[in-house]
Amino acid sequence: MMTNNDIAAVFKQIASALELLEANRFRINGYQRVSRVLKDLTEDIAGLVDENSGSAVKRLATFDGIGKGSAEKIVELVTTGKMAEHQELLAKVPAGLFDVLGIPGIGPKAATLMWKDLGITSLADLKARLDSPELARLPRMGAKTIENIKKAIEFREKAGDRVPLGVARPIALRLRDELRNVPGVQRLEFAGSLRRGRETIGDLDFLAACDDPEAIRERFTTLPEVTQVLARGETKSSVRLETGGAVLQADLRIVPQQVYGAALMYFTGSKEHNVRLREIAIKQQRRLNEYGLFEGTEERPQDHGAAPVAASDEESIYVALGLSYVPPELREDRGELDGEPPRLIELTDIQSELHAHTVASDGKMTIDELAECAKRHGYHTLAVTDHSKSSVIAGGLSEERLLAHIDAIREADARMDGIKILAGAEVDILPDGELDYDDEILARLDVVVASPHASLGQDPKTATQRLLRAIRHPLVHIVGHPTGRIINRREGLSPDMNALFEAAVEHDTALEVNANWRRLDLRDNHLRHALEVGCRIAINTDTHRAEQMDFLIYGILTARRAGLTAASCINTWPAEELHAWLGSKR
DNA sequence: GCCGTTTTCGGCCCGACTGTTTTCAGTCG
């Protein structure tokens, strides 16, 4: 069974092969865009093709970036398991060369030279010949370049995957605060995918405005975490750093304060969003770059004394282009420039936590400690939701223990002021969709969060049926971390998400955005489609220890990326409204 | 390759930095 990601990977590889064969760069861009669009789709392409390959071509070609040609190639790939063009390219380009191209600093020109002139066809080949005189004889291949390639290979092997948001963000906050202490710094923020709240981060981007550029540059390139300085230019520096077990690249861009907004916009990206904005500017006979929005189409207007139409803040640039301000989380070229962006949910909108664990199962806090923690966050309601009996490793509760636990929760609720404590459970959705407690027990609970924990390698059809049963169950309020994926570690279930969303609307069951940064499940693009059909959403931290309640920000960022408004999130509702909704399922 | 409020051809974002260059190519984001 071919997944959307599999198909996207084929298109990405075609683009890489064409780069190595020095094809037209716009054609390469075209294939790259198809790959990106495919990754973002929630419709199961293979399923679409299975139903009717003719209409699948038409449907696929309706997505921006996918034309008739690519649509037909997708159908060919899904129906035959192969794509002629892809196979032809693979016959021309050695497979190992893609890894060489993946080394930072090695682009298509260098990789092609190594291949054609020296017969290097894999990363192993390259590593074996790093010190050979033939390599040094290639054009533009001096001692420094070779040294940089060595370090880049080392970095790539050590750094591995993109860094999860929850690892990168605390590091970035710490570095940001440290850099803000440098004398003369007027503004300093992080930008890039971190500011956009992506679930994984490629590198850390910082933007500074300051009186004394040399001071901030010096501090940045000599931070104790820095292991290598890659660039140290007038306005841009680049380093590799190791901290807290993470290996990352970080960039610092320094600009005058009066163009800070334009630079922040440019540095926040995404690249594709920036390209769209610049195209809009061109249509208006203007030019947009990191120094501002300028009248006319002259190159580098900032060098010729031109005054920008807008530059100091991001919003003024969107407005000058005739657009609404787009929050960073939405800047992904997914249609955010058409029409008015919604008013996105914020951290302070959250008023309840509906998924949290205590020492009764695998949490570290007692009921009282958990409730105090929730109170400190200003919540009006906390649901205590320990694991059910099948989650043996997590100390899941037998029916007897659960009944006693419910009593203890009720007592704590009676004892404590300032917060409503609800008796709940995180009930396993068993592999066949059955729940881990029977209905009589479930009916005694104020809140039922039903979540999949085991058999997460199920095929999509079985997984769909499994989750549908839970969504349709009249006593279930929320389906927790619906796919069970763990970022960079486990794919999780791949059900027909659209079928889940429709059922969730029909049965008034909320779907969770689990805010734990290892999960972020629902993920952003799933959630975007859930909102299109009108699902109710819960954002929960799944807290096991006090500090994990601060994971909420990752759930909020993910939700904002999907365009979630406060009203659609049950955790934002006032107590009476929330309690009434929970009660409607009893 | 894709696309269209200059639409079926002719465009397709823009700038910084490094290294190896005598004036710029390659890479990156």
(Q) Once you apply a heavy-atom cut-off of 4.0 Å, does A:Phe26 come out as touching a base, just sugar-phosphate, or nothing? (A) base
### Task
Tell me yes or no: between the side chains of A:Gln186 and A:Asp211, is some donor less than 3.5 Å from an acceptor?
yes
Sequence neighbours excluded, the answer for side chain to side chain donor-acceptor pair (under 3.5 Å) partners of A:Arg198 is none
Result for 5'-nearest mapping on DNA chain B, choosing between A:Val275 and A:Thr235, is A:Val275
Review point. Which is true for A:Ile14 with a 4.0 Å heavy-atom rule: it touches a base, it touches only sugar-phosphate, or it touches nothing?
Key: nothing
Atom pairs under 3.5 Å, N or O on each side, protein against nucleotides 3-10 of chain B: can you list them with distances?
residue, atom, partner, partner atom, Å
B:dC3, OP1, A:Gly65, N, 2.8

Check: Do A:Asp6 and A:Thr3 get their side chains close enough for a donor-acceptor pair, meaning under 3.5 Å?
Finding: yes
Nucleotide by nucleotide, nucleotides 19-29 of chain B touches protein heavy atoms under 4.0 Å in the pattern (B base, S sugar-phosphate only, - none) BS----BSSSB
Between A:Ser324 and A:Glu340: side-chain donor-acceptor atoms closer than 3.5 Å: yes
Taking the C1' atom of each, how far is B:dT18 from B:dT23, in whole Å? 15 Å
To the nearest angstrom, the CZ-P distance between A:Arg27 and B:dG1 comes to 5 Å
Here the distance between atom P of B:dC14 and atom CZ of A:Arg276, to the nearest Å, is 14 Å
Between the CG atom in A:Leu552 and the CG atom in A:Asn516, the distance rounded to the nearest 0.5 Å is 12.0 Å
Margin query: Can you confirm whether the side chains of A:Glu199 and A:Thr558 place a donor and an acceptor under 3.5 Å from each other?
Written below: no
In short, side chain to side chain donor-acceptor pair (under 3.5 Å) pairs touching residues 81-91 of chain A with sequence neighbours left out are A:Gln13-A:His86, A:Arg27-A:Glu85, A:Tyr31-A:Glu85, A:Lys73-A:Glu85
Atom CG of A:Leu321 and atom C1' of B:dC13 are separated, to the nearest Å, by 13 Å
For A:Val226, is there any backbone N or O sitting under 3.5 Å from a side-chain donor or acceptor partner on A:Arg240? no
Stems for DNA chain B (at least 3 consecutive Watson-Crick or G-U pairs, under 3.5 Å) come to B:1-4 with B:9-12, B:14-19 with B:24-29
Check your understanding: Under 3.5 Å, side chain of A:Gln302 to main-chain N/O of A:Gly292, donor-acceptor pair present?
Key -> no
task = Tell me what A:Glu299 touches on the nucleic acid: a base, only sugar-phosphate, or nothing, going by heavy atoms under 4.0 Å.
result = nothing
Note: for A:Arg25 and A:Ser70 on DNA chain B, the residue whose nearest nucleotide lies more 5' is A:Ser70
Rounded distance in Å between the C1' positions of B:dC17 and B:dC12: 25 Å
Would you classify A:Leu288 as touching base, sugar-phosphate or nothing, given that sugar-phosphate means primed atoms plus P, OP1 and OP2, and contacts are heavy atoms under 4.0 Å? sugar-phosphate
A:Ile282 CD1 to B:dG15 C1', in whole Å, measures 14 Å
Item to complete: Using a 4.0 Å heavy-atom cut-off across all strands, classify A:Asn274 as base, sugar-phosphate, or nothing.
Response: nothing
Sorted by chain and number, sequence neighbours left out, ring-ring contact (aromatic ring centres under 6.0 Å, His included) with A:Tyr325 holds for A:Tyr318
Euclidean distance for C1', B:dT6 against B:dG1 (whole angstrom): 23 Å
